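Structure first, commentary second.
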There are 2 protein chains.
Amino acid sequence: MIYRKKDFPVSKIRRFLEPGPIVLVSSAWKGERNIMTMGWHMVMGFEPSLIGCYIWDENHSFDMIRKSKECVINIPTKDLAATVVSIGNSSGRDIDKFAEFRLTAERAAAVGAPLIHECYANFECKLVDSSLINKYNLFVLEVVKAHAATSPRFPKTIHYRGDGVFMISGENTSRFRAKFKPENL
Amino acid sequence: MIYRKKDFPVSKIRRFLEPGPIVLVSSAWKGERNIMTMGWHMVMGFEPSLIGCYIWDENHSFDMIRKSKECVINIPTKDLAATVVSIGNSSGRDIDKFAEFRLTAERAAAVGAPLIHECYANFECKLVDSSLINKYNLFVLEVVKAHAATSPRFPKTIHYRGDGVFMISGENTSRFRAKFKPENL
């Protein structure tokens with residue numbers, strides 16, 4: 001699917017990451033580009049907008065992100081589920097995943113890594129703390145620029161349940177909204 | 001809802017956390033007990049079974065978990081959504097949340113913190129690394145014992161989209177399972 005996107009406040013991107021979707025991480029280093037599928041990430045702040053990501057050191061992207069100190073976190077939707085699996089099953093050592101899976105690499109505004117045009121949202125990230133990579137494979141990223149589709153309001157995101165099962169995001173409800181304290185929204 | 005649970009392998013609890021549900025964290029310290037609502041967490045390994053959790057230092061649970069070095073991560077389902085909001089809106093400084101919200105504190109096997117009986121699953125955790133608390137509010141926990149309901153197979157978990165909107169977990173599909181490499185399941 002091709003989404004129409006606009007700039008999105010980096011302090012609010014947790015709206016898309018907090019529900020726990022599988023994401024695609026794109027990177028570039030020395031003329032090479034790559035994409036990996038990632039399920040282990042968490043919001044760690046919103047001003048600045050920090051994200052913690054666990055990346056296996058056996059992934060080809062591991063060194064590309066560590067060395068370039070940049071990447072893009074892309075949010076794929078249900079229509080890309082088969083591609084998400086194929087990306088996770090293959091290695092950038094062997095193929096150019098953009099070409100192989102017919103994804104469009106789009107120039108980012110603030111980083112050298114490309115955006116994946118077909119995704120619902122794209123978060124341009126800088127690696128701001130590499131001190132936890134050796135011990136925990138944990139990359140602390142700051143989102144410096146965000147792009148998000150305006151429609152649909154709630155994307156059908158892909159969530160991994162293990163053992164080859166995906167959960168597709170379901171019903172969205174604001175019927176508990178009145179119960180929230182304003183500062184907890 | 002009351003679930004029938006059995007022991008569950010700690011190395012597989014990522015199945016319940018990776019899709020990104022809101023969780024309830026229960027703790028105990030010096031005769032006091034508490035519950036907090038938590039949305040920022042990530043899987044950081046499965047052998048040992050590690051979870052990273054971001055906890056605000058203004059939460060009453062922050063010190064209880066830091067000092068007792070233990071807690072329980074409980075997975076609530078859709079029927080508890082209103083309670084999850086109320087727990088997030090109140091402080092353990094003022095009330096006993098188990099009593100206030102009529103939740104049953106159940107004795108854990110390996111930690112002093114209580115399980116929440118009404119939740120779908122309960123993961124007993126030890127704080128194994130407190131060195132990132134000061135800088136990132138990041139608690140690195142190891143799941144040492146897990147309990148999970150046997151039915152339904154896929155719980156209707158609660159996911160937070162920000163701005164008072166919850167997403168309830170949707171369709172589960174294994175139709176892409178054949179595409180997975182065995183080692184990626």
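Lettering follows sequence order; numbering is per chain, from 1. Only a predicted model underlies this, so the values are computations on that prediction, with no experimental measurement involved. Note that these values count all heavy atoms, side chains included, but never hydrogens, waters or copies made by symmetry.
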Answer with side chain, backbone, both or neither: which region of B/Lys78 has an atom nearer than 4.5 Å to a non-hydrogen atom of chain A?
side chain
Following the transitive rule for hydrophobic clusters with a side-chain heavy-atom cut-off under 4.5 Å over Ile, Leu, Val, Met, Phe, Trp and Tyr, establish whether B/Leu103 and B/Ile95 coincide in one cluster.
yes
Tell me whether B/Val72 is reachable from B/Ile35 by hopping between hydrophobic residues (I, L, V, M, F, W, Y) whose side-chain heavy atoms are closer than 4.5 Å.
no
Per-residue tally against chain A (heavy atom, under 4.5 Å) across B/Thr37, B/Ile22, B/Val84, B/Asn89 peaks at B/Asn89
In terms of heavy-atom contacts, does CZ of B/Arg93 have more than 12 from other residues, nucleotides or ligands at under 6.0 Å?
yes
Is B/Met64 reachable from B/Val25 through a run of I, L, V, M, F, W or Y residues, each pair having side-chain heavy atoms under 4.5 Å apart?
no
Among B/Lys12, B/Arg175, B/Met44, residue most engaged with chain A (heavy-atom pairs, under 4.5 Å)
B/Met44
Spacing of B/Met42 atom CE and A/Met38 atom CE [to the nearest 0.5 Å]
7.5 Å
Best-contacting candidate, B/Glu18, B/Arg14, B/Arg15, against chain A by heavy atom pairs under 4.5 angstrom:
B/Glu18
Nearest heavy-atom pair of B/Val85 and A/Phe176: which atoms, and what distance?
CG2-CB, 4.0 Å
For A/Met167 and B/Gly170, work out which heavy atoms get closest and say how close.
SD-N, 3.4 Å
Same cluster or not: A/Phe8 versus A/Val43, using hydrophobic residues (I, L, V, M, F, W, Y) connected whenever any side-chain heavy atoms lie under 4.5 Å apart?
yes
Could you please state which residues from residues 128-165 of chain A sit under 4.5 angstrom from chain B, measuring non-hydrogen atom to non-hydrogen atom, sorted by number, or 'none'?
A/Asp129, A/Leu132, A/Lys135, A/Tyr136, A/Leu138, A/Val140, A/Arg153, A/Phe154, A/Pro155, A/Thr157, A/His159, A/Tyr160, A/Arg161, A/Gly162, A/Asp163, A/Gly164, A/Val165
Sort B/Leu50 into side chain, backbone, both or neither according to what part of it lies under 4.5 angstrom from a heavy atom of chain A.
side chain
Tell me whether B/Ile51 is reachable from A/Ile55 by hopping between hydrophobic residues (I, L, V, M, F, W, Y) whose side-chain heavy atoms are closer than 4.5 Å.
yes
At what distance, to the nearest 0.5 angstrom, does OG of B/Ser86 lie from NZ of A/Lys181?
10.5 Å
Under 4.5 Å, counting heavy-atom pairs only, tell me which of A/Gly39, A/Ser174, A/Ala82, A/Gly88 racks up the most with chain B.
A/Ala82
Counting neighbours of CZ on A/Arg107 that are heavy atoms of other residues, nucleotides or ligands and sit closer than 6.0 Å, is the number greater than 12?
no
